[in-house]
K.L.:
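For reference, the structure I am asking about is given below.
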Amino acid sequence: KIKVISSSGISYKVVSFNVIVVPKVASPMMATFMGDTITEAGLTMVSELESGGKLIIERVVVEVEENGKKVRKSVPPLIVVAP
């Protein structure tokens with residue numbers, strides 16, 4: 001699951017997100033997920049990442065409440081480099 005929690009401890013509902021796997025020597029792969037859970041196919045894609053490759057979680061959309069209304073906001077991307 002993908003969780004988004006603010007620095008003040010507020011949790012936000014994840015609506016959707018993209019995962020991009022960028023292997024060091026092969027072509028990048030991308031998948032889009034609805035909700036907060038990555039599928040088995042997505043986990044397989046991530047598990048193929050080797051040392052020096054990158055995992056990018058981007059276009060994370062969360063639902064927030066502003067002035068009594070639910071609105072959708074984007075969260076900055078997260079980039080992880082495999083050791």
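Only this structure's heavy atoms are used, side chains among them; waters, hydrogens and symmetry mates stay out.
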K.L.:
Over all heavy atoms of both residues, which pair between Pro23 and Pro28 is shortest? Give the atoms and the distance, please.
P.N.:
CD-CA, 4.0 Å
K.L.:
Quick one: pull up CD in Glu63 and NZ in Lys73 and give me the separation to the nearest 0.5 Å.
P.N.:
12.5 Å
K.L.:
Give the cluster check for Ile20 versus Ile79: same hydrophobic cluster or not, with ILVMFWY residues linked at side-chain heavy-atom distances below 4.5 Å.
P.N.:
yes
K.L.:
Please check this pair: side chain of Ser16 against backbone of Gly35, looking for a donor-acceptor N/O pair closer than 3.5 Å.
P.N.:
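Answer holds: no.
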K.L.:
Within this structure, what is the CZ-CD distance for the pair Arg72 and Glu66, rounded to the nearest 0.5 Å?
P.N.:
14.0 Å
K.L.:
For Lys24 and Ser51, which heavy atoms make the closest approach, and how far apart are they?
P.N.:
CD-O, 3.8 Å
K.L.:
Could you list the cluster mates of Tyr12? Members are the ILVMFWY residues connected by side-chain heavy atoms closer than 4.5 Å, either directly or through other members.
P.N.:
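Direct or chained contacts put Tyr12 with Ile2, Val4, Ile10, Val14, Phe17, Val19, Val21, Met29, Phe33, Ile38, Leu43, Met45, Val46, Leu49, Leu55, Ile57, Val60, Val62, Val64, Val71, Val75, Leu78, Val80.
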